[in-house]
Amino acid sequence: MKDVHIIQNGTVIDHLPAGMGFRCFEILKKQNIGTEATIIFMNMPSSKCEKKDMVKIQDYTLDEETSTYLSMLAPDITINIIKDGKIIKKIKPSIPDEIKGVVSCINSRCITNTEGYAAEFFVTSKKPVILKCKYCEFEFKPE
Ligand SMILES: [Zn+2]
């Protein structure tokens, strides 16, 4: 299939499950992608899964923390870094055994929320991802 919008420099997040494209965009907005041009493709045919979403961001390189966060929500994603119209790097983010700072603990009484510490988690399951807070031992699925 031919790409209708080819970006020259930037990031392409591929193999998002159908319906995750917009959620991914919202996460990226929080990570300050600013006003960079973003294209969201939804419900594209895919060989891997039945339908997929894809997000392309012009002039933006996804940082590691955001890659990890997105891979927690969608473990099958591939991140392509584009330079001069070519893919220079293909990243399949792997979920680490421990995570720091990427997400907040969902327990509102947790010390990380009341005292403003950076939350740290053990990854107790990788598919689906389940996190366990190191401070309050609360377990939850990141969203
Ligand atoms: Zn906690």
Side-chain angles (χ1 to χ4, degrees), residues 1-110 112-113 116-143:
M1 197 172 69
K2 235 178 121 191
D3 273 327
V4 275
H5 294 281
I6 294 167
I7 58 172
Q8 285 302 309
N9 295 290
T11 301
V12 176
I13 303 161
D14 199 1
H15 297 296
L16 286 158
M20 270 289 296
F22 194 71
R23 173 87 186 101
C24 172
F25 175 63
E26 285 186 321
I27 291 165
L28 292 168
K29 264 203 309 200
K30 279 191 208 151
Q31 309 290 331
N32 292 318
I33 53 168
T35 54
E36 306 310 341
T38 307
I39 310 159
I40 307 172
F41 293 90
M42 287 172 144
N43 295 319
M44 295 178 68
S46 161
S47 52
K48 238 183 181 176
C49 36
E50 281 183 359
K51 292 271 168 72
K52 67 172 183 179
D53 286 2
M54 191 193 270
V55 174
K56 296 188 178 189
I57 317 127
Q58 177 80 31
D59 298 325
Y60 174 81
T61 307
L62 202 65
D63 61 52
E64 212 183 300
E65 194 173 281
T66 312
S67 307
T68 304
Y69 187 13
L70 290 174
S71 68
M72 287 195 295
L73 305 179
D76 294 324
I77 55 166
T78 308
I79 294 160
N80 300 312
I81 309 295
I82 316 289
K83 200 166 184 279
D84 300 324
K86 289 195 184 95
I87 298 172
I88 54 155
K89 212 166 153 195
K90 234 182 190 342
I91 308 162
K92 282 241 30 128
S94 59
I95 297 153
D97 296 325
E98 293 183 19
I99 283 172
K100 189 180 176 180
V102 182
V103 284
S104 307
C105 180
I106 63 160
N107 174 8
S108 60
R109 289 186 309 197
C110 177
T112 60
N113 290 316
Y117 293 129
E120 290 181 52
F121 306 93
F122 295 112
V123 178
T124 55
S125 162
K126 292 197 177 179
K127 223 173 181 182
V129 172
I130 308 286
L131 303 179
K132 184 179 183 181
C133 180
K134 286 190 185 180
Y135 293 92
C136 69
E137 303 197 319
F138 206 87
E139 281 190 88
F140 63 99
K141 196 171 171 290
E143 282 176 0

Practice prompt. For Lys86, check side chain to side chain contact (heavy atoms under 4.5 Å, CB included) against everything at least two apart and list the hits.
Written response: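 Partners of Lys86 under the side chain to side chain contact (heavy atoms under 4.5 Å, CB included) test: none.
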
Any non-hydrogen side-chain atom of [X] less than 4.5 Å from a side-chain atom of [Y]?
| X | Y | answer |
| --- | --- | --- |
| Thr38 | Leu28 | no |
| Phe41 | Lys56 | yes |
| Cys105 | Phe121 | yes |
| Arg109 | Asn113 | no |
| Asp59 | Gln8 | no |

Which distance, rounded to the nearest 0.5 Å, do you find between the [atom1] of [X] and the [atom2] of [Y]?
| X | Y | atom1 | atom2 | result |
| --- | --- | --- | --- | --- |
| Cys24 | Ile13 | SG | CD1 | 4.0 Å |
| Ile27 | Met20 | CD1 | CE | 5.5 Å |
| Ile57 | Ile40 | CD1 | CD1 | 9.5 Å |

What are the two closest non-hydrogen atoms of [X] and [Y], and how far apart are they?
| X | Y | answer |
| --- | --- | --- |
| Ala74 | Leu16 | CB-CD2, 4.2 Å |
| Val123 | Glu98 | CG2-N, 4.2 Å |
| Lys126 | Ile95 | NZ-O, 2.8 Å |
| Pro45 | Lys52 | O-CE, 4.1 Å |
| Lys51 | Asn43 | CD-O, 3.4 Å |
| Ile7 | Ile82 | O-CG2, 3.5 Å |

Name the atoms and distances for all side-chain donor-acceptor pairs under 3.5 Å in residues 135-143, with sequence neighbours left out.
residue: Glu139; atom: OE1; partner: Thr124; partner atom: OG1; Å: 3.1

Item to complete: Determine yes or no for a side-chain-to-main-chain donor-acceptor pair under 3.5 angstrom, with Lys92 supplying the side chain and Asp76 the backbone.
Response: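 It does hold such a pair.
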
Fill in: Asp14 side chain to Met54 backbone, donor-acceptor under 3.5 Å
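It does not hold such a pair.
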
Item to complete: Begin with the C-alpha distance, continue with both residues' side-chain angles, and end with the deciding distance and a verdict on side-chain hydrogen bond (donor to acceptor under 3.5 Å, both in side chains) for Lys90 and Asn80.
Response: CA-CA 5 Å; Lys90 234 182 190 342; Asn80 300 312; 3.2 Å; yes

Worksheet item: Counting only heavy atoms not in Glu26, do more than 12 fall under 6.0 Å of its CD?
Response: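 Atom CD in Glu26 is crowded, with more than 12 foreign heavy atoms closer than 6.0 Å.
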
Worksheet item: Do Met72 and Leu131 pass the side-chain contact (heavy atoms from CB on, under 4.5 Å) test, and can you show the C-alpha distance, the side-chain angles, and the key distance before you say yes or no?
Response: CA-CA 10 Å; Met72 287 195 295; Leu131 303 179; 4.1 Å; yes

